[in-house]
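Note that these values count all heavy atoms, side chains included, but never hydrogens, waters or copies made by symmetry. Just so it is clear: chains get the letters A, B, ... in the order the sequence lines come, proteins before strands, and each one is counted from 1.
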Amino acid sequence: MDNPKMEVSIVQLRGITKRFPGLVANDSINLEVTRGEIHAIVGENGAGKSTLMKILTGLYQPDGGEIYLNGTRVEISGPRQAIGLGIGMVHQHFMLIPRFTVLENIILGSEPARRGVLKDKEARGLVEELCRRYDFKLESQVRVWDLSVGQQQRVEILKVLYRGAEILILDEPTAVLAPQEVRELFVNLRNLKGQGKTIIFISHKLDEVLEIADRISVLRRGRMVGTVMAKETDKRQLSEMMVGRPVFLKTEKSQPRVGEERLKVKDLTVLGNLGRPAVRQVNLTILAGEIYGIAGIEGNGQSELIEALMGLRKILSGQVLIKGQLTSDKSVQEIRALGVGYVPEDRHRRGLILPMMVWENAVLGLHRLRDFSRPTGLNFKNIFAHTNRLVREFDIRLGSVDLPVRNLSGGNQQKVILAREMSRDPGLIIASQPTRGLDIGATEFVHQQLIKAREQGRAVLVVSADLEEVLSLSDRVGVIYNGEIVAEFRPEEVTPEEIGHYMLGTKSLLREGVGA
Amino acid sequence: MFLSELLASAIRMSIPILLAALGAVYSERGGVVNIGLEGMMITGSFWGAVGSYYYGPFGGMILAIVAACLMALIHAIVAVTFRVDQIVSGVALNILAYGAARFASIALFQKATMSPHVDGFTPWNIPLLDQITFLKPLVTNLSPIIILAFLLVPLTHWVIQRTVFGLRLRSVGENPLAADTLGIKVYPLRYSGVLISGVLAGLAGAYLAVEHTGMYVEGMTQGKGYIALAAMIFGNWSPVGAMGAALLFGFAESLSFRVVEGGAIPYQFIKMIPYVLTLVVLAGVLRRTTPPAADGIPYERGGE
Ligand SMILES: Nc1ncnc2c1ncn2[C@@H]1O[C@H](COP(=O)(O)OP(=O)(O)OP(=O)(O)O)[C@@H](O)[C@H]1O
Ligand SMILES: [Mg+2]
C-alpha cells in the first residue's frame, strides 16, 4: 500500500477479525505501523479501535488473522506477553491504584527485589532515571490520588516505559486533559518518538491527530477504510472517511431568544471531599433559551458545583433556585421533577448502571411514570417501545436493547443517557462533559441536540474541559478557577488563549460578585 | 497491682482476636472479606484440642492450622474461583464449622460439647523484667503464642508493605483488573491471602482451647471471629491498628469479668460490654475508614 518498502514495519496486522455476540467489531483488518512513527487511529464510536488495540495487547484473542512484529509472526496471549514483546498500552480508563504511590504503581508486577523483598532505593533510582530521560515531571513518593489527571497519565506512560515498551498504545489520551496538558503530553510524545519509540495514538479530536501523527488510519464500523499521511490530508477528508458522508464541522446557531430565569445561583459555597470549600461564592443566572458554558480545568469545582445544583451535595451557604423554587430542602428526585435533565460527567458511576440492560437504563428514574409502570410491576411493552424509539431517534448503535449497557461503546452509552434525559421534556438541562470520548459524528449530534433544546426554549448549562466546545456552543461563558467564577464572557468577545489564562489562574477579572 | 493484673488478663483475652484480625488483614488486603473467621476459629479450637490431646500442644497447633486452612480453602474456592458472594460463603462456613466440630467431637470424645483436659505449652517468663513486682503479672506465665502473636504484628506490617508478595497482594485488593493487566495472577494471590487468614484464625482458635482454657468447649469462641473482623476494620486494615483494637476489645472483655466478680449489675449486661463496644466502635468509625477499593468484590476476567 502506501508504506514504502524500505522501512521496516514494526507491527503488521493481517486480516484481524473479532466477533462479539451480534456484531463484528473488527472485520479482516490490515494495518502496518512503521518503527519510530506516531500512527493515529481514528473512527467513530464503536468502530472497533479499542478492540483492535486490545487484540494487539493480548486482552482479546482474535477470531481470525495474524500479527507480525518486525516481520515475525507472534501469538499474543495476554498483556504480560505483550509487554514482553515490547507492546505497552495506556488505557482509556486509567489502570492505576489511587492508594499506591507513583513508585508502587510503576514497579508493580516487575519489582526490583532480592528474595522477595522490595529494593526500594533501586526502584526509586530506576524510576527517577526514567523521568529524567524522557523529561517527565513526577515525584515518585506521592500517592496517585493526589495527582491531577495529566500527571496520572504520565504515570501510566511511565509504567509501560519502565517495562521496556518499544511500542506505546495510547487510547484517547487527550479526552481528559486540559489544552495545556495536551501540549505537555505532545511534548512528551515527541520526546519518545525522538528516542526511537513507536506510538499508536487513538483520538476523536482530528486537530490533535493532524498535529501529532505521521500517518493516520481510519476505521469505520469494524473495517479499515485506509491509511493516509497526516501532511496530505485534512479534517474534512478524515471525517468523511470516518463517517462515510460529509460532516458539518461548524455548529450553526441562531440568535438566542431568551425568556425567564430558569436557574439562579446566589453566593453558593460548597465543600469538597477534603472538607475545604470547592465552590466559593458562585453567582450564576441562566435564562430559558440560552446555553451557558462553564470552562475550566478539571478539579476546579465544576463537579461539586453541578452536584450541589442536583442536590447530590450539601450546600454550605447561598441559594439555588430552579424555575424560581429554592432547592435546598428538596431531594434529588424532587429537583429532577422540577424538569431538570442531568447528564453527569462520569457516565459509568452516575449516568448508567453498567450491568443492567439498555432498556432498563433507558427508563432509569422514569420507571415510576404512568407510562412505564403498572400496579403489578413494569409495563414492558411501553418500555421497549420507548427504548426502541430512543434508539432510532438518537441513532444508538447496538446489537440489541436487551444487552447490558456495559457492552456499548462509550459514545453509544452517552447517547443512551442523553436520550433518556431529553425524553423528559426538561426546562433545564445540566450537561457535564457531554461529549467526552465521543467521535465527531456523535459530538456533532450531541451539539445539535443541545442547540435544538435551546431553540425549543430550554435553558442549558454545559460544563466542559474542552474549551473549543464551550466556545462554540455557549451564548455566555463563565470561567471557573479554584471554585470561583473568575470571568464571564460572550464567546465572540474573547480568544481561546485569553480564556486559557483565566483557566490557569494567571489572570482574574472578577473576584467577588459576578454580574450577568 | 490490680491494674497490672487487669492488663495482663486484657492481653491474654486479646490474643485470639489479634491473631484472627491479622489473618483478616491478609485476606482483606487481597480483596476477600472473610467473615468465615469465626468458623475457622471454631475449627482451630476443636482440632487444637484434639491434636494437643494426642500429640501435645505443638501437634495441637499444627492440626488446628491444617484444619482451619481446609476451611479457608473452601472459602477461597467458593468466593474467589466461583465468585459467590463472599459474605454468603463466609456465613455458610461458620455454620459448617459449628456442625463439623460437634460431629467430630461426638466421634472422638463421645461428647458433643467438650473435650477432656489438654496440656498447653510450658509458660515463659521474661527474664529480668519478672523481678519487678508491678510488672510481674504482665511478664510471667506467658504462653509462647502470646509472644508469637505480638511478633506477628511488625512481621505482617513488613510483609504487607515491603515485600513483593505484599505489594501484589494489596494490588489485587485495590484494583485486580489493573494488576491482571500487569501480569499479576489475581487468583493465586487472593487464595494466599485467604489461606494465611486460615492459618492465623486456626492458631487463634487453638490458643483459645489449648493455652487459654485447657480444653475445647462448644461455642467457646463466642463470636471472637466477628470481633476480630471488627478490630481489623477499626484498625483501618493495618496490622498495628488491628493490634490496638484487639487490645481494646481484650480490655473490655477482661473488665467485664472483673465487674462480674463485683456483682452489682446482672452479669448478662456486663457480658455484653465487648459486643456493645464492637457495635459502637463500628458505627462511629466505619465512616472514617477506607477499605481496600476492591474489598469484597469478586474478580472476573473481562472479554471472553
Ligand atoms: N466485551 C464486549 N462484548 C460485546 N461487545 C463488545 C465488547 N467490547 C466491545 N464491544 C462492541 O464492539 C464494538 C467496538 O467497540 P470498541 O470499544 O472497539 O469501539 P471504539 O472504536 O473503541 O469506540 P469508542 O470511540 O467509543 O471508544 C462496539 O459496538 C462495542 O459495543
Ligand atoms: Mg474505545
Taking atom CD of A:Q141 as the centre, does the number of heavy atoms from other residues, nucleotides or ligands within less than 6.0 Å exceed 12? yes

Hey, which of A:I83, A:V117, A:V160 has the most heavy atom pairs under 4.5 Å with chain B? A:V117

Region of B:A294 that comes under 4.5 Å of a non-hydrogen atom in chain A: neither

Will you find, in the side chains of B:T81 and B:Y191, an N or O donor that is under 3.5 Å from an N or O acceptor? yes

Can you check whether A:S140 reaches A:E128 side chain to side chain, under 4.5 Å on heavy atoms? yes

Salt bridge flag under 4.0 Å for residues B:R168 and A:E111: yes

Side chain, backbone, both or neither of A:L96 within contact of chain B (heavy atoms, under 4.5 Å): backbone

So, the side chain of B:S27 versus the backbone of B:A24: is there a donor-acceptor pair under 3.5 Å, distance only? no

If you tally heavy-atom pairs under 4.5 Å against chain B, which of A:I97, A:N105, A:I107 wins? A:I97

Answer yes or no: does atom CZ of B:R83 have more than 12 heavy-atom neighbours from other residues, nucleotides or ligands under 6.0 Å? yes

What part of A:R163 gets within 4.5 angstrom of chain B, counting heavy atoms only: side chain, backbone, both, or neither? side chain

Between A:T51 and chain B, which part of the residue has a heavy atom less than 4.5 Å away: side chain, backbone, both or neither? neither

Would you mind checking which part of A:K54 comes under 4.5 Å of any heavy atom in chain B, side chain (CB onward), backbone (N, CA, C, O), both or neither? neither

Decide whether B:N94 and B:Y226 meet the rule of one side-chain donor and one side-chain acceptor closer than 3.5 Å. yes

Note: vs chain A, highest number of non-hydrogen pairs under 4.5 angstrom among B:I184, B:V159, B:L167 is B:L167

In terms of heavy-atom proximity below 4.5 Å to chain B, should A:L108 be classed as side chain, backbone, both, or neither? both

Counting heavy-atom pairs under 4.5 Å with chain B, which one of A:G116, A:A113, A:P112 comes out on top? A:G116

